[in-house]
Number of protein chains: 2
Amino acid sequence: MAEVVNIKRLAQELNISIATVSKALNDSYEISLKTKNRVWTLAKELNYTPNPAASNLRSHKTKTVAVIIPCVANNFFSLSIKGIEEIARQYGYHVLIYQTHENIEAEVAFTNSLLNGRVDGILTSVSSSEYNSEYYTKLVKKIPLVFFDRVYENLDAVKVTTDDYEIAFQATEHLIECGCTKIAYLYGLENLPAGKARFAGYLDALKTHGIAADEQPVVKYQDDEELNLQHIKELLRKYKPDALFSSIEEFIIPAYCACREMNLKIPNDVKILSFSNLSTAKLLSPSLTTISQPAFEIGREAAKSLFKILNNKQLDDEQNIILKSVLTKRESTGC
Amino acid sequence: MAEVVNIKRLAQELNISIATVSKALNDSYEISLKTKNRVWTLAKELNYTPNPAASNLRSHKTKTVAVIIPCVANNFFSLSIKGIEEIARQYGYHVLIYQTHENIEAEVAFTNSLLNGRVDGILTSVSSSEYNSEYYTKLVKKIPLVFFDRVYENLDAVKVTTDDYEIAFQATEHLIECGCTKIAYLYGLENLPAGKARFAGYLDALKTHGIAADEQPVVKYQDDEELNLQHIKELLRKYKPDALFSSIEEFIIPAYCACREMNLKIPNDVKILSFSNLSTAKLLSPSLTTISQPAFEIGREAAKSLFKILNNKQLDDEQNIILKSVLTKRESTGC
DNA sequence: AAGCTAGGCGAAAACGTTTACGTAATTAAA
DNA sequence: TTTAATTACGTAAACGTTTTCGCCTAGCTT
């Protein structure tokens, strides 16, 4: 009863060899259906499940992937993980989580610690603190890797991103159509392609509409809510913009608070628009115009690509999967 | 160069036995400092990291824990995971994530799949669909397990919870002090101790203040936002309550929407108060009075307890760790 | 009847560690 | 000086699988 249940035990009870049991469990063609059935029924009866460590050791497959992200307590990333986990379940994979807290050293340390066979592949959305592409250039040769949202470009790896440039362009045009001419930019992810693309979309939209771009005031994100609040207030005081374009969700609270503290009415005095996956955007006061990324789908697509690679399936030609974001116009831009 | 780097390789290069290398790497007292240093420097030089599968197989330690929760895309759970992950890093543990989507069968299936030595312990917040304590009674004997927030009572396991009864009592009193007499209850987690405690706190507060409790209307949570909206609207129409006490975050959006659609002003016509970890509660229109649970700390405490168990440290007498929630009064209750 | 083929199975090595135990050399105790 | 204890290291088994290779039998083909 207390006896351990492993392949050896199954073999003994059935009076066959452990090799046969192993093959039967893996549905090998070498084993007759009759024997397979005997093995399967006994395995179920004894509640046998293979020991993962032994299996990994021998087969070099772990059925595990790692997700490395800045922080799980974030609407975008928690939704991505939800998507990843859902696909992982379908493929029978396990999901390990690592948070970098935007620290490149932690990111590298975690990643390195996974190269000893702990996982079969990695899904990552890189930290914003630095852009260290030498490291990742080497890394992608060592282990199957898929980037999502925050990527390194020009690498031989699948990258799942969104139409940052286009949607930022479109959103900026929306503000211009609402009559804004002094649109300030709340700048996040400045070291990353996503952040740069958003900013470029914003600048190009201004240029297209004949608004001098280099005079547009910018606040860069700091990891300190109070500091961001101060900077935005300063921005509002000095430049008196008629709109704030926030490129990351983290600016929403300080932006709203700054307007309140300075008695500026949204959207009459200042219009606000932000990249965000906040589910309560429509309940804010006033409701917030958002660019929402399909975080859940990004997670799903990234996971699907990785599992295709791990199962040696042909990837659909393209290494760059680009999903569309959605601009939802609400009261904060006068809609 | 391409040669694999494992203990055997280290042993060869240093002309010592693999046993010595293994012991040196594990800082065994049997090995001289001189030898240890030779091993450590070579290991660092060759970028050696032990193969986890081999190590697990032999030592029956995985340095891995599983977190089983309903859904990661939820403010409470994503914060909890953040806390768990942070402690796990300190202890050098890895964290696996599994989502049950409130499905008890998935929950049991995941848990069972972890009993073959894949993890050293489990952190779980159980699904709300059913209360199946026989299963968990057996389970806690098989593997170190810590419950957080959503627990099974009367089991020999650490449980990290919050003061649900007290804070619900206090919140209800707050509504009564605001002049409410017809307080409707939006009921979630009804199968779980947390849900029952919240409801009991609400009922007892009413009783204490001489309000007939059994006439209070209740809406029970369904996994369908549209349905919840309809039910709340129906509730508002039929019973004309002067307050809504929402026991879970998921009721916030339908509650606000219902009031808007029925042209009821918050807080003048209806006051609203909800359990919630929404970071933007203060930005809602109107800002929302919340009971926020210390989700991050709950995760941290749960993880700490588990790692103490795994490291055979003495647990501080008590198996029930109860943290305090915070009632933040805002405009939605007229504050 | 001899030779072949294929199907079904088993023996044994291997994966990379950890660890119980043995042993030699050195040191301490008698 | 002999004996006991200690230190430092090695041998080899074990963890539970997977997989290569080979064997045996039964059924065919000539």
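The structure presented is a predicted model; accordingly, all values stated were derived computationally and were not measured. First the proteins, then the strands, lettered A, B, ... as listed; each starts at 1.
Taking a heavy-atom distance under 4.0 Å as the criterion, the stretch of DNA chain C touched by chain A extends 5' to 3' from C:dG8 to C:dG16.
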| request: Go through the steps to decide whether A:Glu86 and A:Lys82 satisfy the test salt bridge (charged side-chain N to carboxylate O under 4.0 Å, His left out), and finish with yes or no. | output: CA-CA 6 Å; A:Glu86 215 165 286; A:Lys82 184 180 175 188; 5.4 Å; no
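Relative orientation of the A:His94 and B:Tyr98 rings is perpendicular, given thresholds of 30° and 60° on the angle between their planes. Between A:Phe148 and A:Phe77, the ring planes are perpendicular. Angles over 60° get that label, and only those under 30° would be called parallel. Under the 30°/60° scheme for interplanar angles, the aromatic rings of B:Phe147 and B:Tyr152 are found to stand perpendicular.
Atom-to-atom, CG of A:Asn51 to P of D:dA14 comes out at 17 Å; the value is rounded to the nearest Å. With rounding to whole Å, B:Asn37 atom CG is found 15 Å from D:dA8 atom C1'. Atoms CZ (A:Arg9) and P (D:dT17) sit 12 Å apart, rounded to a whole Å.
For B:Asn15 and A:Leu57, each mapped to the nucleotide of DNA chain D holding its nearest heavy atom, the one lying further toward the 5' end belongs to B:Asn15.
Residues B:Thr49 and B:Asn47 fail the side-chain proximity criterion, which asks for heavy atoms closer than 4.5 Å. For the pair A:Arg150/A:Pro70, a side-chain contact is recorded, criterion being any heavy-atom separation below 4.5 Å from C-beta on. At a threshold of 4.5 Å between non-hydrogen side-chain atoms, the residues A:Glu102 and A:Asp223 do not count as touching.
Of the listed residues (A:Asp149, A:Thr161, A:Asn75), just one forms a side chain to side chain donor-acceptor pair (under 3.5 Å) with A:Gln293, and that residue is A:Asp149.
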| request: Using a 4.0 Å heavy-atom cut-off, write out nucleotides 18-28 of chain D from 5' to 3' as B (base contacted by protein), S (sugar-phosphate only) or - (no contact). | output: BBBB-------
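One end of the helix from C:dA1-D:dT30 to C:dA30-D:dT1 points its axis 50° away from the other end's axis, with each axis taken from 5 pairs and the angle rounded to 10°.
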